[in-house]
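To start, the structure itself, in structure tokens.
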Amino acid sequence: MKFETLAIHAGQEPDPQTGAVMTPIYQTSTYKQDGVGRPRNGYEYSRTQNPTRAALQDCLAALEGGGFGLAFASGLAATHTILQLLSSGDHVLAGNDVYGGTFRQFEKVHRRFGLDFTYVDTTDPENVAEALTPTTRIVWLETPTNPLLSVTDIRAVAEIVHAHPSRPLLAVDNTFATPYLQQPLELGADLAVYSMTKYLGGHSDVVGGAAVVRDPALAERLAFLQNASGAVPGPMDCFLVLRGIKTLPVRMDRHAESALRIASILEAHPRVERVLYPFLESHSQFGVARAQMRNGGGMISFTLKGGREAAVRVAEATKIFTLAESLGGVESLIEVPAAMTHLSTQGSQLEVPANLVRLSVGIEHVDDLIADLEEALG
Ligand SMILES: *Cc1c(COP(=O)(O)O)cnc(C)c1O
């Protein structure tokens, strides 16, 4: 079946008892057992297994051509659990433009437990080849990145990583692209990682995370950690993400169509210094983006000529674009990363420009969005 059909049906059969077409929210922590040590259909306790979560996990796996989906309480909970595959002394090679919260977790949490991190510009895969060490266990890519929209050639990095004698795992944070625009596992990655809070949920009403893998042994190790560490989402949250995923393809197409128009208009605006959007010809990885993504997605970043002050003024002046963190919902959002989402990168190698504005282009009418931005820029 095609992606659009899987998004609506995968993992979800009408309830066998009642015929309920939508997956029930199994709001239970425990399950009656048929005898001592004989749980029914494997359900014992909801940290380990819950039917609503199982439906979501199966749907996530199906959207990436099969394998195993694992849902977590947040995107960073997914990241944390994946890092628990490692042991003290192991090395992680990451992009130098990863999400601020990922960087903060790597540096402020995992480093204390003896993991080592190096950050390189992954847009040139040669930098990855040079920075791999005998103790590298995970290569952590994000593409496109938050907030600079940098694009890395996943297939090229996968070839380098898998040819290395220490056989690290390649994890790709695919939050911005979603499985609809980009399929990391198909391109050679071992793990696709998501903040489901963003486009998968799609309505800014739930926090969640996920990992999708193909290797059954890796899936088993992650499922063990998911249960042993316990950062799982509740059934209501799983239901909300399942519902969000049903419209993912139509939403992403609209987000991208509007974003491309807005990016082109911004690029021609006299107050704008530079526009970052993967499907603009001016993007430094336009060719790679076109090759590995279905469209450019809904995220745009741009710098203003008037510095930080101008960025703050524009972000505070829009009316439809709401000044808020997060992204990927049906409503348009605007923010200044250096002062908001990426404050934790200040003074580090990952610091973002102070005059940068980030847009999450929603699915309102594009003419209203353009008018709102033009007025704020004016
Ligand atoms: C938001 C985000 C995360 C973290 O996800 P949470 O659900 O907020 O924990 C990770 N990566 C990217 C690219 C994000 O945008």
- Message: Can a side-chain donor-acceptor contact be found between Asn295 and Tyr180 if the only test is distance below 3.5 angstrom?
- Response: no
- Item | Distance-only side-chain donor-acceptor flag, Asn96 / Gln349, under 3.5 Å | no
- Task: Return yes if a side-chain donor-acceptor contact under 3.5 Å exists between Ser282 and Glu267, otherwise no.
- Result: yes
- Task: Assess the side chains of Thr345 and Ser348: does a donor N or O sit below 3.5 Å from an acceptor N or O?
- Result: no
- Note on the structure: Applying ring pair (Phe, Tyr, Trp, His ring centres under 6.0 Å) to Tyr199 and not counting sequence neighbours gives His255
- Message: Could you check whether Lys108 makes a cation-pi contact with Phe113, meaning its NZ or CZ is under 6.0 Å from the centre of the six-membered ring and within 45° of the ring axis?
- Response: no
- Task: Using the rule that two of Ile, Leu, Val, Met, Phe, Trp, Tyr join whenever any of their side-chain heavy atoms come within less than 4.5 Å, decide whether Ile138 and Leu350 are in one cluster.
- Result: yes
- Item | Between OG1 on residue Thr143 and CG on residue Asn174, distance to nearest 0.5 Å | 8.5 Å
- Residues Lys305, Glu273: salt bridge by 4.0 Å N-O rule: no
- Item | Shortest non-hydrogen contact from Pro184 toward Gln182 | CD-O, 3.2 Å
- Query: Are Arg261 and Glu257 ion-paired here, with the side-chain N under 4.0 Å from a carboxylate O?
  - Reply: no
- Is there a donor in the side chain of Thr81 and an acceptor in the side chain of Gln226, or the other way round, less than 3.5 Å apart? no
- Between Thr18 and Ala20, is there a donor-acceptor pair closer than 3.5 Å when you use the side chain of the first and the backbone of the second? yes
- Query: Does Phe106 have Arg111 sitting over its ring (NZ/CZ under 6.0 Å from centre, angle to axis within 45°)?
  - Reply: no
- Would you check if there is a donor-acceptor pair between the side chains of Tyr99 and Asp173 at a distance under 3.5 Å? no
- Item | Pair Glu142, Thr102: side-chain N/O donor-acceptor within cut-off below 3.5 Å | no
- Message: Quiz question: by atom type and distance under 3.5 Å, do the side chains of Thr48 and Asn227 form a donor-acceptor pair?
- Response: yes
- Task: Assess the side chains of Thr118 and His91: does a donor N or O sit below 3.5 Å from an acceptor N or O?
- Result: yes
- State, without any angle test, whether Tyr43 and Gln33 hold a side-chain donor-acceptor pair at a distance under 3.5 Å. no
- Message: Run Ser332 and Glu364 through side chain to side chain donor-acceptor pair (under 3.5 Å) and show every step you take.
- Response: CA-CA 8 Å; Ser332 293; Glu364 301 95 336; 2.8 Å; yes
- Query: Is any side-chain N of the basic residue among Arg214 and Glu64 closer than 4.0 Å to the acidic one's carboxylate O?
  - Reply: no
- Query: So, are Arg40 and Asp34 salt-bridged, with charged N and O less than 4.0 Å apart?
  - Reply: yes
- Item | Nearest-0.5 Å distance that lies between atom NZ in Lys198 and atom CE in Met299 | 8.5 Å
- Relative to each other, are the rings of Phe103 and Tyr119 parallel, tilted or perpendicular (30° and 60° limits)? perpendicular
- Assess the side chains of Gln105 and His110: does a donor N or O sit below 3.5 Å from an acceptor N or O? yes
- Query: Between Arg308 and Asn355, does any side-chain donor sit less than 3.5 Å from a side-chain acceptor?
  - Reply: no
- Indicate, with yes or no, if the rings of Tyr45 and Tyr31 have centres closer together than 6.0 Å. no
- In short, Thr341 meets Glu335 closest at the heavy-atom pair OG1-OE2, 2.7 Å
